[in-house]
Number of protein chains: 2
Amino acid sequence: MKLDMNQFLFEFEKNCSKLQKKSFKKDEIITTYIAKRRQICILLSGSADLVRYDSSGNKTIVEHFTKNELFGEVFYIVATNNELFVKARQACEVLFFSYDTLKHKCKQNCDFHQVLSENLADFILDKVTLLNTRIELLTKRSIRDKILGFFTILSIRNFSKTFTLPFSLTDLADYLSIDRSAMMRELKYLREEGFIKKNGNTITLLYK
Amino acid sequence: MKLDMNQFLFEFEKNCSKLQKKSFKKDEIITTYIAKRRQICILLSGSADLVRYDSSGNKTIVEHFTKNELFGEVFYIVATNNELFVKARQACEVLFFSYDTLKHKCKQNCDFHQVLSENLADFILDKVTLLNTRIELLTKRSIRDKILGFFTILSIRNFSKTFTLPFSLTDLADYLSIDRSAMMRELKYLREEGFIKKNGNTITLLYK
DNA sequence: ATTTTTCTGTTGCATAAGCAACAAAAACAT
DNA sequence: ATGTTTTTGTTGCTTATGCAACAGAAAAAT
């Protein structure tokens with residue numbers, strides 16, 4: 001039995017008492033990552049950022065989450081002393097549970113749990129795909145290649161040479177881990193050299 | 001029931017006929033990524049690289065796999081036209097199966113398959129951790145921060161300020177997506193400024 | 001409706017990091 | 001044992017990219 005995320009949540013909510021749903025206002029801290037707890041969260045609405053402070057105090061937005069995305073410390077066991085927390089970017093609703101609870105809860109060996117654990121693997125696989133996409137872009141050698149790589153993905157996903165960015169240009173620079181002004185400059189060059197057309201946050205690819 | 005990778009493989013081999021084991025010599029192509037097949041592979045011995053050629057012909061080593069690591073197209077559904085394949089770096093033994101087969105094979109609802117699909121999620125989670133580690137390093141802003149970030153992780157994993165690199169310096173530059181000579185220069189500076197001691201591929205951290 | 005904040009767009013300057021090219025050392029192969 | 005290939009280590013030159021600083025546009029808040 002194959003579920004999409006909405007069915008998954010509906011089934012889960014109907015069947016399980018162990019999960020908690022909470023609401024957050026903009027800028028509130030949703031969770032702080034504590035490895036041993038093995039918490040897993042689903043963002044039901046709104047958007048949130050995974051923020052890292054390293055030992056020198058530098059801040060990075062490591063990931064940006066939107067509707068139906070998974071996050072939590074099970075996904076992020078990195079051997080460093082960095083502080084990691086998730087902060088609401090807009091008002092959010094979040095579902096909390098423990099990974100181990102989800103997997104092993106039912107003593108009665110119910111069908112529902114079988115379905116659940118099968119689908120969990122699929123959702124985690126979706127996450128892997130997101131991460132691999134990001135790595136694919138981060139490993140490109142120049143700002144130009146990063147931008148064009150990202151645009152190509154959006155173009156293919158939209159079945160169109162024209163598409164609108166899913167987040168602000170400021171966030172895009174952060175996602176690609178490049179300086180925003182350097183990115184804007186490169187976008188200008190791409191426009192001048194006839195590779196792209198740009199109207200605010202709507203882009204059209206002009207090549208190939 | 002919680003399995004480690006070796007137990008997992010033993011159980012799988014004993015119980016499942018649907019899986020294939022093959023051997024490869026150095027530089028042979030182990031698999032080419034074809035999204036619809038949803039293949040999943042486990043590297044039993046040796047080491048291999050996931051290689052990407054983009055449309056301009058640039059080659060990148062996207063990932064490097066060693067014993068017991070998972071790879072395959074289920075993990076890498078990126079919407080681009082890039083050619084992706086896995087190439088043996090040394091002689092390798094590889095286990096092949098389809099993700100969907102693994103999850104749904106048994107009609108008889110056997111206990112073994114229940115255990116299997118639970119553990120599959122865990123193995124995929126390990127993969128997520130690896131990917132997040134890589135992203136953590138790739139998003140650092142300077143070569144120095146990337147190197148020190150990587151060294152810090154190794155140091156923590158080894159419970160020691162002294163450790164040996166798990167692969168060559170050439171590969172390290174590739175893993176961090178930086179120019180090798182620039183990395184060597186930075187290592188020299190780090191030595192001169194007293195941050196590290198370096199003896200071949202053995203590093204000692206001198207700070208904090 | 002007006003203020004405040006965030007986002008976009010731009011530019012000059014400094015430098016970190018890429019590129020190219022080479023030699024010595026080490027690892028591998030015959 | 002000897003030749004071949006890969007890895008390490010280095011350095012001069014060039015340039016892509018980061019940084020700082022600013023102004024106008026857009027969005028959000030009051």
Side-chain angles (χ1 to χ4, degrees), chain A residues 25-27 46-47 49 56 58-61 64 87-91 137-150 164-193 195-203, chain B residues 25-27 46-47 49 56 58-61 64 87-91 137-150 164-193 195-203:
Chain A
K25 294 186 196 121
K26 186 173 183 301
D27 293 331
S47 66
D49 297 317
S56 341
N58 294 316
K59 178 191 169 186
T60 314
I61 295 177
H64 177 68
K87 191 176 182 180
R89 170 178 282 258
Q90 311 160 17
L137 296 172
L138 288 173
T139 52
K140 295 199 182 269
R141 302 146 286 322
S142 65
I143 288 187
R144 173 166 294 211
D145 284 346
K146 284 176 183 161
I147 295 173
L148 289 181
F150 186 65
T164 300
L165 297 176
F167 38 67
S168 71
L169 290 165
T170 304
D171 286 349
L172 177 57
D174 207 344
Y175 178 76
L176 299 175
S177 202
I178 53 183
D179 180 71
R180 188 190 60 84
S181 69
M183 185 187 78
M184 297 300 287
R185 178 170 39 212
E186 199 60 45
L187 284 172
K188 197 179 64 183
Y189 294 156
L190 284 169
R191 240 184 299 131
E192 287 169 1
E193 294 171 34
F195 284 100
I196 63 167
K197 218 163 68 187
K198 178 171 177 302
N199 183 0
N201 289 19
T202 299
I203 309 286
Chain B
K25 293 184 197 122
K26 186 172 185 298
D27 294 329
S47 65
D49 297 318
S56 340
N58 294 315
K59 178 191 170 186
T60 313
I61 295 178
H64 178 69
K87 191 177 183 180
R89 169 177 284 258
Q90 312 159 19
L137 295 172
L138 288 173
T139 52
K140 295 201 184 268
R141 302 147 283 326
S142 64
I143 288 187
R144 172 165 295 212
D145 284 346
K146 284 175 182 160
I147 295 173
L148 289 181
F150 186 67
T164 300
L165 297 176
F167 37 68
S168 72
L169 289 165
T170 305
D171 286 349
L172 178 57
D174 207 343
Y175 178 76
L176 298 176
S177 202
I178 53 184
D179 179 71
R180 188 191 60 86
S181 68
M183 186 188 76
M184 296 300 287
R185 176 170 40 212
E186 199 60 44
L187 284 171
K188 196 179 66 182
Y189 294 157
L190 284 169
R191 240 184 298 129
E192 287 169 2
E193 295 171 32
F195 284 100
I196 62 167
K197 217 162 70 189
K198 178 171 177 302
N199 184 0
N201 289 18
T202 299
I203 310 288

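Every chain is numbered from 1, with letters handed out A, B, ... down the list of sequences.
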Do any side-chain atoms of residues 175-183 of chain B form donor-acceptor pairs under 3.5 angstrom with protein atoms, and if so which ones, sequence neighbours left out?
unit_1, atom_1, unit_2, atom_2, d
Ser177(B), OG, Thr139(A), O, 2.9
Asp179(B), OD2, Ser181(B), N, 3.2
Asp179(B), OD2, Ser181(B), OG, 2.5
Asp179(B), OD2, Ala182(B), N, 3.0

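Within a 6.0 Å radius of NZ in Lys197(B), other residues, nucleotides and ligands contribute 12 heavy atoms or fewer. The environment of Asp27(B) atom CG is dense: over 12 non-hydrogen atoms of other residues, nucleotides or ligands sit within 6.0 angstrom.
Using a 4.5 Å heavy-atom cutoff, the side chains of Leu169(A) and Leu187(A) are in contact.
The footprint of chain B on DNA chain D, defined by a heavy-atom cutoff below 4.0 Å, extends from dT7(D) to dG12(D).
In this structure, Phe195(B) CZ and Glu186(B) CD are separated by 10.0 Å, a value rounded to the nearest 0.5 Å. With rounding to the nearest 0.5 angstrom, the OH atom of Tyr189(A) is 11.5 Å from the CD1 atom of Ile147(A).
If you take CD of Gln90(A) and C1' of dT5(C), they are 16 Å apart, rounded to a whole angstrom. Rounded to an integer number of Å, the gap from CZ of Arg89(A) to C1' of dT5(C) is 14 Å. As rounded to whole Å, 18 Å separates atom C1' of dA16(C) from atom NZ of Lys140(B). Per the geometry, CD belonging to Glu192(A) stands 11 Å off C1' belonging to dT10(C), to the nearest Å. Rounding to whole angstrom units, CG of residue Asn199(A) and C1' of dG9(C) are separated by 14 Å. As a whole-Å value, the separation of Ile147(A) CD1 from dG9(C) P is 12 Å.
Proximity of a side-chain donor or acceptor of Lys188(A) to a complementary backbone N or O of Leu190(A) within less than 3.5 Å is not detected.
Taking every heavy atom of both residues into account, Phe150(A) and Leu165(A) meet most closely at CE2-CD2, 4.3 Å. What you find for Lys140(A) and Asp145(A) is that their closest heavy atoms are CD-O, 3.2 Å. Residue Asn201(B) comes nearest to Phe167(B) through the heavy atom pair ND2-O, 4.0 Å, listed as atom of the first residue, atom of the second, then distance. Minimum interatomic distance between Ile203(B) and Lys198(B) (heavy atoms only, all atoms of both residues): CD1-CG, 3.8 Å. In this structure, Ala88(B) and Lys25(B) approach most closely via the heavy-atom pair CB-O, 3.4 Å.
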Pull out every protein N or O sitting under 3.5 Å from an N or O of nucleotides 24-28 of chain C, one pair per line with the distance.
none

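Residues from residues 180-190 of chain B placing a heavy atom under 4.0 Å of any atom in DNA chain D, listed by number, are Arg180(B), Ser181(B), Met184(B), Arg185(B), Lys188(B).
Axis deviation across the helix from dA1(C)-dT30(D) to dT30(C)-dA1(D) amounts to 70°, comparing end segments of five pairs, rounded to 10 degrees.
For Asp174(A), there are no side-chain hydrogen bond (donor to acceptor under 3.5 Å, both in side chains) partners two or more places apart in sequence or in a different chain.
Lys146(A) comes within 4.0 angstrom of nothing in the nucleic acid, heavy atoms only.
Mapping Ile178(B) and Thr170(A) onto DNA chain C via the closest heavy atom, the residue that lands nearer the 5' end is Thr170(A).
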